[in-house]
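Here is the structure we will look at, set down as structure tokens.
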Amino acid sequence: MKHFGDGRDWFFENRYGMFIHWGLYSIDGWHEQVQWRRRIPKAEYVKRVAKFNPVKYDPDEWMRLAKESGMDYVIFTTKHHDGFCMWDTKETDYNIMRTPYGKDVLAMLAKSCRKYGIKLCLYYSCPDWHHPNSINHGGDHELLKQNPGDEPDIRKYISFVKRQATELCSNYGKIYGFFWDIPPRVKDPSINRLLRKLQPGIMINDRGYDKGDYDTPERKVPAGGEFSRPTEACQSVGDQSWGYREGEDYYTRRFLMQSIAKIMSMGGNYVLNVGPKPDGTIPKEASAILKDIGKWYRRVKPAITAESSSKYLDHENFMLTRDGNKLYVVCHKDLPTSGIVLSPIGIMPKSAILLNNGKRLTVKLEVTPKHYRSRPFIHIQGIPVEKLIDEPLVIKLEFKALSDKMLSEMSARAKNKEYIF
Ligand code: GLC
């Protein structure tokens with residue numbers, strides 16, 4: 001994928017992040033949009049401010065979890081749709097300083113990020129169910145009607161957003177990314193220009209006031225082989241909510257790893273979300289999932305974060321990535337067989353290693369009965385598909401020499417159906 005050639009390129013070197021949804025809604029333990037989805041009146045919802053007291057909040061603990069899980073960056077919900085601000089903002093009283101906790105949790109997180117070398121990115125919701133000037137006309141993620149006493153005014157609201165974004169991009173050190181949520185109907189490129197001026201090198205997503213730098217497929221793996229635009233897929237450890245949820249339906253580790261394998265091999269970044277509890281701790285089920293995935297991720301990282309080369313290979317169960325003379329076969333689905341043919345690639349590798357356990361696999365260049373009219377292709381056998389069933393398999397093939405030209409010639413031959421017979 002074409003890089004920007006400026007400070008934003010950090011994004012291509014740091015592919016795995018932790019998304020954190022934390023706010024007043026964690027008190028309900030239901031869903032981050034509980035105010036809207038359960039039709040709670042604003043006057044009722046705000047009572048949570050007096051109850052928010054995350055005495056066990058320890059951002060160092062969060063960052064150690066991120067590190068241990070192999071993550072490079074974090075995206076933190078500074079303001080979700082409920083409008084509650086998780087930093088010491090001067091623009092509204094509806095913020096963390098007014099809770100019994102009374103400390104700037106974002107400042108604490110930013111400090112911890114620096115300490116652990118984790119890059120900090122900020123999430124900010126365009127809809128706001130609290131601010132009097134925000135628009136709530138029953139549109140996407142808007143309340144059905146304004147709160148009593150509201151004075152909807154898009155110009156005033158945008159200027160409030162700009163002042164808040166200025167605080168966020170001025171007072172917390174280096175901000176690597178900005179994750180707007182719920183694309184607003186009104187477009188205004190001056191907002192992202194402001195962010196870029198305050199934080200050169202900031203990566204901005206596609207859900208804000210213009211199309212930004214990168215796409216954000218959510219909870220799904222898009223069809224296709226390789227992303228054409230910078231991409232960061234987001235997914236949560238649980239199926240029901242992004243914020244803390246009691247009795248969450250957690251995804252299986254295998255399901256999450258398969259989607260990470262696919263997205264990253266397509267050239268995308270991946271952020272996996274956790275929803276801390278009202279006491280500030282990350283639920284132990286969630287941290288166990290992150291740690292377990294991290295163990296697999298560390299073993300296969302060089303492969304799945306290498307450059308996507310899937311355009312040379314079209315196979316439903318695996319994708320290809322390449323790093324110099326190495327090709328990686330990333331099996332993002334369960335393999336139905338213990339042997340695979342890498343049609344149309346016909347160069348004999350020096351070795352084939354299963355990165356999951358470091359063991360060598362049998363590899364030959366041959367014409368198999370299924371490809372009897374073709375040239376010899378790489379055939380890998382003895383893959384322990386019945387034994388290693390808990391995680392996506394990744395195979396490293398090392399060659400004496402390998403180039404894009406060689407790969408594209410082979411794939412062109414296959415596309416033109418140049419058979420030997
Ligand atoms: C969706 C949800 C929102 C969540 C976001 C994360 O837009 O509506 O609650 O914060 O996904 O990407």
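Atoms within each ligand, like the ligands themselves, are counted from 1 in listed order.
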Tell me, please: is His31 in heavy-atom contact with ligand 1, that is, under 4.0 Å?
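Judged by the 4.0 Å heavy-atom criterion, His31 does not count as contacting ligand 1.
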
Can a non-hydrogen atom of Arg219 be found less than 4.0 Å from any atom of ligand 1?
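The answer is no: ligand 1 sits nowhere under 4.0 Å from a heavy atom of Arg219.
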
If only atom types and distance count, is the side chain of Ser310 paired as donor or acceptor with the main-chain N or O of Leu313 below 3.5 Å?
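The answer is no, because no donor-acceptor pair under 3.5 Å joins these two groups.
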
Tell me if a side-chain donor or acceptor on Ser309 pairs with a main-chain N or O of Thr321 at a distance below 3.5 Å.
no

Under 4.0 Å from any heavy atom of [X], which atoms of ligand 1 are there?
| X | answer |
| --- | --- |
| Cys234 | 12 (O) |
| Tyr123 | 10 (O) |
| Ile182 | 7 (O) |
| His81 | 3 (C), 8 (O), 9 (O) |

Just heavy atoms, cut-off under 4.0 Å: does Thr216 contact ligand 1 by side chain, backbone, both, or neither?
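No part of Thr216 comes within reach of ligand 1.
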
Specify side chain, backbone, both or neither for Arg207, according to which of its non-hydrogen atoms lie closer than 4.0 Å to ligand 1.
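Under 4.0 Å from ligand 1, Arg207 contributes side-chain atoms alone.
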
Checking a contact table here: which protein heavy atom is nearest [atom], and how many Å away?
| atom | result |
| --- | --- |
| atom 1 (C) of ligand 1 | Glu218 OE2, 3.1 Å |
| atom 8 (O) of ligand 1 | Gln33 NE2, 2.6 Å |
| atom 5 (C) of ligand 1 | Asp181 OD2, 3.3 Å |

Let me confirm one number: the CD1-CG distance from Ile135 to Leu143, rounded to the nearest 0.5 Å.
11.5 Å

State, without any angle test, whether [X] and [Y] hold a side-chain donor-acceptor pair at a distance under 3.5 Å.
| X | Y | value |
| --- | --- | --- |
| Arg64 | Tyr116 | yes |
| His81 | Ser125 | yes |
| Gln258 | Asp334 | yes |
| Arg245 | Gln240 | no |

Heteroatom proximity flag, Glu32 to ligand 1, N/O under 3.5 Å
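Yes; at least one N/O pair falls below 3.5 Å.
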
His21-ligand 1 polar pair, N/O distance under 3.5 Å:
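N/O-N/O distance under 3.5 Å: yes.
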
Centres of the His80 and Tyr25 rings: under 6.0 Å?
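Under 6.0 Å, so yes.
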
Run the ring-centre check on Tyr123 versus His21 and record whether the distance is less than 6.0 Å.
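That pair passes the under 6.0 Å test.
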
